[in-house]
Asks: 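My questions will all concern the structure given below.
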2 protein chains.
Amino acid sequence: MYSQAEENYLKTIYALEREYGNEVSTNLIANKIKTKASSVTDMLKKLALKKLVIYKKYQGVYLTEPGRLTALRVIRKHRLWECFLVQKLNFKWDEVHDIAEQLEHVKSELLISKLDAFLRFPKLDPHGDPIPDEQGRIIKRQTMSIVEMKIGASGTLVGVKDSSETFLKYLNKKNLGLGDKVKVIDIEPYDNSYHIETKTHRLVITSNVAENLLIKNVKR
Amino acid sequence: MYSQAEENYLKTIYALEREYGNEVSTNLIANKIKTKASSVTDMLKKLALKKLVIYKKYQGVYLTEPGRLTALRVIRKHRLWECFLVQKLNFKWDEVHDIAEQLEHVKSELLISKLDAFLRFPKLDPHGDPIPDEQGRIIKRQTMSIVEMKIGASGTLVGVKDSSETFLKYLNKKNLGLGDKVKVIDIEPYDNSYHIETKTHRLVITSNVAENLLIKNVKR
DNA sequence: ATCTTTATTTAGACATATCTAAAATAATAT
DNA sequence: ATATTATTTTAGATATGTCTAAATAAAGAT
């Protein structure tokens, strides 16, 4: 079994590989998990010894197959627990991340398969992220970030890249939630802000925010 | 917030105080949590510094009021999670202890109060142990161990002192469970074994087993 | 009352995971 | 091509929680 620290590194490397391509740098990891580059180096050596990552000095890391599967198992647990917290305990989608970060490290295969069944085998977590199955298979959804959309294009908000409490609370305040239809009305070249429209209102968001909103079924 | 190790020590000291009286020795703790006496001494010093226990060299320890409340909070979490595992996820009563040992350390007051509500505020866990409330109040039940009963006395099995998987699996095999009516038929002086009778069958148990069975409403 | 045994504590070591500061390497700029 | 800057690694320190072995204290036996 792996330690919580090890699991967190694997999970982070997995996410960064998806986001930035397959070779992940020390500093990227350090920033993501708010630690120092030297700590990251230490851990990468350890993970490499355990054959969970391929690590070459000064060249970054990437996950091996066992490393990837371990990461996916942790992600599966995290997302299932988030479903539980929202669906069963009535947590809001912006309250569950930190608690799931703790629950994801509980060791028991049986627990997670029973939890999965209890929740009726959900396919997506409360933030629209797909839940890997027991074999680590994960569906890849056809989504694009708002920054990739052209003026006049519209679609449905089905996910967020950033699940932090701050970002989600911002969305709540702006009355944006999963399932909302959104349309890009205008892109202001001066500051790269996006003017978007939902069923109920219009609003202006920064490109930073637009980047974190995932849209499905984009038309026009 | 306290570490998992600290929480485990507090919980253990609380249980040993109940079992053996208010001054708990270093070795008693060491045996209970399967560690070395020297490790216990180290931790007791740390807990004493944090005012969670009163510790005097060579004299054992006991919990302070804050220590007792912290222990009870951990116990509350442990028992609520056990209820969840059995009632909602269909675990057997002999499978939940080790998982609850992990879940009890998850930090979130909100989580535990929501879990409590979800379970409809249970008063007892699957092993018959009372669940402390948010203020650390815990009901004291009128029970006695079978070893305290006389020949001919009978009552209802409502709890066990040992919640380990091995002990509970033994009870399953012997077809003994909570709610069963039991009567002491005979006590063999030679080996101190107890002959007991339930609604459905008779069996012989060692005094060790008898010690761990808690009976309510003892008559005659 | 002294000796022996048992329990407890101390001293020093180790593993994990982190950090700071300095050194080494890679990337960038001129 | 060399100098500057940024990134990464190494070396050594720290905190937590554990251990072994030795020293000390308490309890029990004669």
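Numbers restart at 1 for each chain; the letters A, B, ... are given by sequence-line order, proteins then strands. For clarity, every value in this text was computed on a predicted model and none was experimentally measured.
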Asks: Taking the six-membered ring of Phe118(A), is the NZ or CZ of Lys88(A) close enough (under 6.0 Å from the centre) and on axis enough (within 45°)?
Replies: yes
Asks: Under 4.0 Å, counting only non-hydrogen atoms across every strand here, what does Thr26(B) touch: a base, just sugar-phosphate, or nothing?
Replies: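 It contacts sugar-phosphate atoms only.
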Asks: Tell me the interatomic distance from Met43(B), atom CE, to dT18(D), atom C1', rounded to whole angstroms.
Replies: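 After rounding, the reported distance stands at 10 Å.
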Asks: Considering only heavy atoms and no angle criterion, is a donor-acceptor pair shorter than 3.5 Å present between the side chain of Ser38(A) and the base of dT20(C)?
Replies: yes
Asks: Verify the contact: side-chain N or O of Asn27(B) to OP1 or OP2 of dT8(C), cut-off strictly under 4.0 Å; return yes or no.
Replies: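 Yes, such a contact exists.
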Asks: Please state how far atom CD1 in Ile29(A) lies from atom P in dT7(D), giving the value in whole angstrom units.
Replies: 15 Å
Asks: From the options dT18(C), dA26(C), dT10(D), select the nucleotide whose nearest atom is closest to the side chain of Thr35(A).
Replies: dT18(C)
Asks: For the pair made of OH in Tyr2(A) and P in dT16(C), what is the distance, rounded to whole Å?
Replies: 14 Å
Asks: Report the distance from atom CG of Leu28(A) to atom C1' of dT8(D), rounded to the nearest whole Å.
Replies: 14 Å
Asks: Over how many whole Å does the gap from Ile33(A) atom CD1 to dT18(C) atom P extend?
Replies: 7 Å
Asks: Of the options dT10(D), dT8(D), dT10(C), whose atoms approach the side-chain atoms of Asp42(B) most closely?
Replies: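 Within the option list, the nearest is dT10(C).
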Asks: May I ask you to say what Ala5(B) touches in the nucleic acid, namely base, sugar-phosphate or nothing, with a heavy-atom cut-off under 4.0 Å?
Replies: sugar-phosphate
Asks: Given atom CD of Glu6(A) and atom P of dT18(C), what is their separation to the nearest angstrom?
Replies: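 Going from Glu6(A) (CD) to dT18(C) (P), I get 10 Å.
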Asks: Looking at Lys36(A), does any N or O in its side chain come under 4.0 Å of the phosphate oxygens OP1/OP2 on dT18(C)?
Replies: no
Asks: So, is Lys57(A) near the phosphate of dA26(C), with a side-chain N or O under 4.0 Å from OP1 or OP2?
Replies: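 The answer is no; no side-chain N or O of Lys57(A) sits under 4.0 Å from OP1 or OP2.
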Asks: May I ask you to check if Lys50(A) and Tyr2(A) form a cation-pi contact, with NZ or CZ under 6.0 angstrom from the six-membered ring centre and within 45° of the axis?
Replies: no
Asks: Return yes if a side-chain donor-acceptor contact under 3.5 Å exists between Asp125(A) and His78(A), otherwise no.
Replies: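 His78(A) and Asp125(A) do not have a side-chain donor-acceptor pair below 3.5 Å.
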Asks: What is the distance, rounded to the nearest whole Å, between atom CG of Leu47(B) and atom C1' of dT16(D)?
Replies: 13 Å
Asks: Step through the shown structure and confirm whether more than 12 heavy atoms of other residues, nucleotides or ligands are within 6.0 Å of NZ on Lys216(B).
Replies: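 No, because the 6.0 Å sphere around NZ of Lys216(B) holds 12 heavy atoms or fewer from other groups.
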Asks: Side chain of Tyr9(B), heavy atoms from C-beta onward: which of dT10(C), dT8(D), dT18(D) has the nearest atom to it?
Replies: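 So the side chain of Tyr9(B) is nearest to dT18(D).
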Asks: Both Ser3(A) and Lys56(B) contact DNA chain C. Which one's nearest nucleotide lies toward the 5' end?
Replies: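 Its nearest nucleotide lies further toward 5', so the answer is Lys56(B).
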Asks: Ignoring hydrogens and geometry beyond distance, is a side-chain donor-acceptor pair present between Asp191(B) and Ser193(B) at under 3.5 Å?
Replies: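 Checked: Asp191(B)/Ser193(B) side chains pair up, N/O donor to acceptor below 3.5 Å.
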Asks: What is the distance, rounded to the nearest whole Å, between atom CD of Glu23(A) and atom P of dA27(C)?
Replies: 12 Å
Asks: On DNA chain D, check which nucleotide each of Tyr55(A) and Ser39(B) is closest to and give me the residue with the more 5' one.
Replies: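 Its nearest nucleotide being more 5', the pick is Tyr55(A).
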